[in-house]
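Let me begin by presenting the structure, written as structure tokens, before commenting on it.
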Amino acid sequence: MTAHHRRPPLLVVAVASLGLALFALPLIGLLQRAAWSSLADDLTSPAAKEALRLSLTTSLSATVLALVLGLPIAWLLARTDLPGRAVVRALVLLPMVLPPVVGGVALLSAFSRRSPLGGWLYDAFGIQLTFSTAGVVLAETFVALPFFVITVEAALRQADPRFEQVAAGLGAKPATVFRRVTLPTIAPAVAAGAVLAWARALGEFGATITFAGNIAGRTRTLPLAVYLALETDTETAIALSLVLLGVSFVVLVALRDRWFGRP
Amino acid sequence: MLLPALTAIAAILLAGCGSDGSDAADTLAGSTTTTSAGDSSTQAFTCDASGEITVSAAASLTQSFTTIGDAFQAACADSEVTFTFDSSGKLSAQILSGAPVDVFASADEANVEKVEDEQTGVPEVFARNQLAIVTKPGNPEGIESLADLAEVDGVVALCAEDAPCGTFAAEALAGANATVDESSVTRGENAKATLAAVSEGDAIAGIVYVTDAAGAGDAVDTVQIPDAENVIATYPAVTIGGTGDADLAAAFVSYLLSDEAQAVLAQAGFLPPA
């Protein structure tokens with residue numbers, strides 16, 4: 001029984017082409033709208049460089065945080081019989097489903113100076129998370145963490161536990177088992193999860209603008225800069241959009257084996 | 001056979017009797033007729049237009065236009081008005097990109113001029129506004145003037161530079177020789193977003209319109225800006241060539257100048273058009 005057709009059915013090709021057009025046309029539109037001659041100038045203006053620098057530092061910080069916090073969470077979900085595991089998983093994956101601006105409102109309710117926690121942080125330590133770069137990192141971590149956890153948890157589930165059992169049987173302590181056996185096994189998934197989390201953090205808009213506001217050099221990341229420049233400085237907005245487009249494309253190409261090949 | 005015909009003729013005659021006598025004098029389907037009764041002129045609004053229109057209005061008009069819209073739809077039978085509220089800068093850009101808008105009510109004349117080619121009527125100024133400083137309830141930082149904003153420790157909310165409230169705030173600050181450090185300014189995309197940064201968020205103060213401050217009630221404290229330092233924002237409305245009913249659009253612009261609409265605007269804190 002053959003699984004492949006020599007030539008795909010015409011109807012399938014036709015409908016699929018329509019779907020592909022939905023993806024391709026906006027991207028082609030963006031490319032042709034760009035002012036290629038002034039692209040270098042647009043991207044090196046002070047405002048653009050500020051946004052690029054801020055986006056880079058905050059998204060990388062958020063990725064590191066997602067890694068540090070996500071590994072233990074993924075481990076607990078995959079390898080233990082935690083009571084209420086389904087609820088914990090739902091909680092961790094919630095930011096993926098939540099509209100980002102709603103996430104921003106939720107963060108505001110929890111951490112603004114009017115909230116009990118935020119008020120205490122300010123009164124006791126002078127820390128204000130809203131309207132700060134730390135707030136941007138918090139918002140980006142909030143939306144990016146689920147992507148990391150879901151990727152690593154899947155890998156942990158699929159990893160053969162026998163290697164770890166053998167290592168433990170040979171006398172290795174749990175920490176050593178994790179470092180020398182588990183981590184190398186799931187390393188590709190950790191890398192992929194980190195890249196995915198980074199891409200999500202880079203593109204975050206709704207939660208950032210709601211929680212951290214729109215302050216030049218402090219919280220105005222690439223997507224916020226695009227939004228602000230949209231009417232007054234459309235050339236720069238489109239140039240910055242191309243940067244985000246390019247980054248997204250590179251991420252997808254880098255992760256192609258994960259999506260289309262074996263995990 | 002005779003009865004239906006008689007009924008039809010009677011219906012036509014009755015419809016003819018029901019039409020307003022002032023129709024002959026007015027070419028617009030909706031009109032605000034001025035009858036001078038000695039001292040002050042009263043403006044009574046009559047509406048004969050119907051259909052659907054889309055109105056793009058400055059964010060600072062949100063509450064007033066919602067009220068005015070309800071009254072307008074009640075006055076005009078079979079009419080439906082859909083509102084879009086955002087910064088005048090964004091709205092004019094949308095119109096230039098081909099958004100199907102029938103009426104554009106802007107917070108400044110510059111944005112109405114930007115859409116000159118799309119206008120189908122003459123801009124009419126229907127209100128004016130001024131700026132005010134808003135602070136947290138109780139004004140904990142003790143802000144009393146524009147100059148204080150430059151010295152205060154914390155985040156100040158201002159409108160984006162492409163929004164009229166942003167350009168006016170810059171004008172007012174420049175006039176008062178006060179420079180607020182951009183690294184502590186959060187830019188709101190329109191007046192409402194800027195207000196929200198103070199009323200809901202952690203911005204300690206902001207510059208918005210007097211009407212926004214009034215509309216926020218207890219959520220903020222208002223610090224008046226003296227007339228000498230303040231800026232007058234002129235709000236024109238104009239019909240645009242959208243996909244809605246042109247007569248209804250013209251009627252809406254007329255309605256803005258009627259007593260009822262002017263009363264709603266005055267209650268919100270707007271200054272009269274002239």
Side-chain angles (χ1 to χ4, degrees), chain A residues 29 33 46-47 50-51 54 101 104-115 117-119 121-123 126-136 138-139 205-221 223-234 236-237, chain B residues 56 86-97 99 106 110-111 114-115 135-138 140-141 152-164 166-167 170 180-190 192-206 218-220:
Chain A
R33 179 83 172 73
E50 211 170 42
L54 192 66
V101 73
V105 173
L107 285 168
L108 215 57
S109 321
F111 295 108
S112 84
R113 275 169 59 181
R114 297 154 168 258
S115 68
L117 180 60
L121 276 173
Y122 187 75
D123 293 332
I127 295 175
Q128 185 181 321
L129 287 169
T130 52
F131 296 123
S132 70
T133 311
V136 177
L138 179 62
F205 175 80
T208 312
I209 200 171
T210 311
F211 183 67
N214 199 343
I215 304 176
R218 219 204 270 185
T219 69
R220 193 171 298 161
T221 55
L224 271 67
V226 169
Y227 186 59
L228 200 69
L230 214 46
E231 267 85 51
T232 44
D233 194 0
T234 323
T236 307
Chain B
S56 281
D86 207 335
S87 81
S88 310
K90 279 206 156 46
L91 294 173
S92 63
Q94 287 170 357
I95 291 170
L96 290 174
S97 301
S106 170
N111 276 297
K114 275 194 211 165
V115 298
T135 69
K136 290 273 180 236
E141 310 283 327
V152 81
D153 192 29
V155 170
V156 172
L158 297 176
C159 293
E161 280 123 339
D162 67 331
T167 32
V180 186
D181 192 9
E182 194 63 31
S183 64
S184 29
V185 171
T186 181
R187 295 272 172 190
E189 56 270 20
N190 55 50
K192 287 300 173 201
T194 311
L195 176 70
V198 181
S199 62
E200 310 290 325
D202 284 346
I204 49 151
D218 292 329
V220 295

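On a predicted model such as this, the values are computed, not experimentally measured, just so you know. Throughout, a chain's letter reflects where its sequence line sits, starting with A, and its residues are numbered from 1.
- Atom CG of B:Asp153 sits in a sparse spot, with 12 or fewer heavy atoms from other residues, nucleotides or ligands closer than 6.0 Å.
- Using a 4.5 Å heavy-atom threshold, the side chains of B:Glu189 and A:Leu230 count as separate.
- B:Val185 touches chain A through its backbone: at least one of N, CA, C or O sits under 4.5 Å from a heavy atom, while the side chain does not.
- Atom CG of B:Asp218 has 12 or fewer heavy atoms from other residues, nucleotides or ligands within 6.0 Å.
- More than 12 heavy-atom neighbours from other residues, nucleotides or ligands sit within 6.0 angstrom of CZ on A:Arg114.
- With a 4.5 angstrom heavy-atom cutoff, A:Leu224 does not touch chain B via any of its atoms.
- For B:Ser184, the parts lying near chain A are the backbone and the side chain together; criterion is any non-hydrogen pair under 4.5 Å.
- The two residues B:Asp202 and A:Gln128 have their closest heavy-atom pair at CB-NE2, 3.5 Å.
- Remark: A:Arg220 CZ to B:Glu182 CD distance equals 6.0 Å, nearest 0.5 Å.
- No other option in B:Ser87, B:Ser183, B:Gly89 has as many heavy-atom pairs under 4.5 Å with chain A as B:Ser183.
- Between the side chain of B:Arg187 and the backbone N or O of A:Asn214, no donor-acceptor pair lies under 3.5 Å.
- Interface remark: B:Glu200 contributes backbone atoms only to the contact with chain A (heavy atom separation under 4.5 Å).
- Residue contact with chain B, scored on non-hydrogen atoms closer than 4.5 Å, involves the backbone and the side chain of A:Tyr227 alike.
- Looking at B:Ala193, neither its backbone nor its side chain comes within 4.5 Å of chain A, counting heavy atoms on both sides.
- Nearest heavy-atom pair across B:Ala197 and A:Phe131 is CB-CZ, 4.2 Å.
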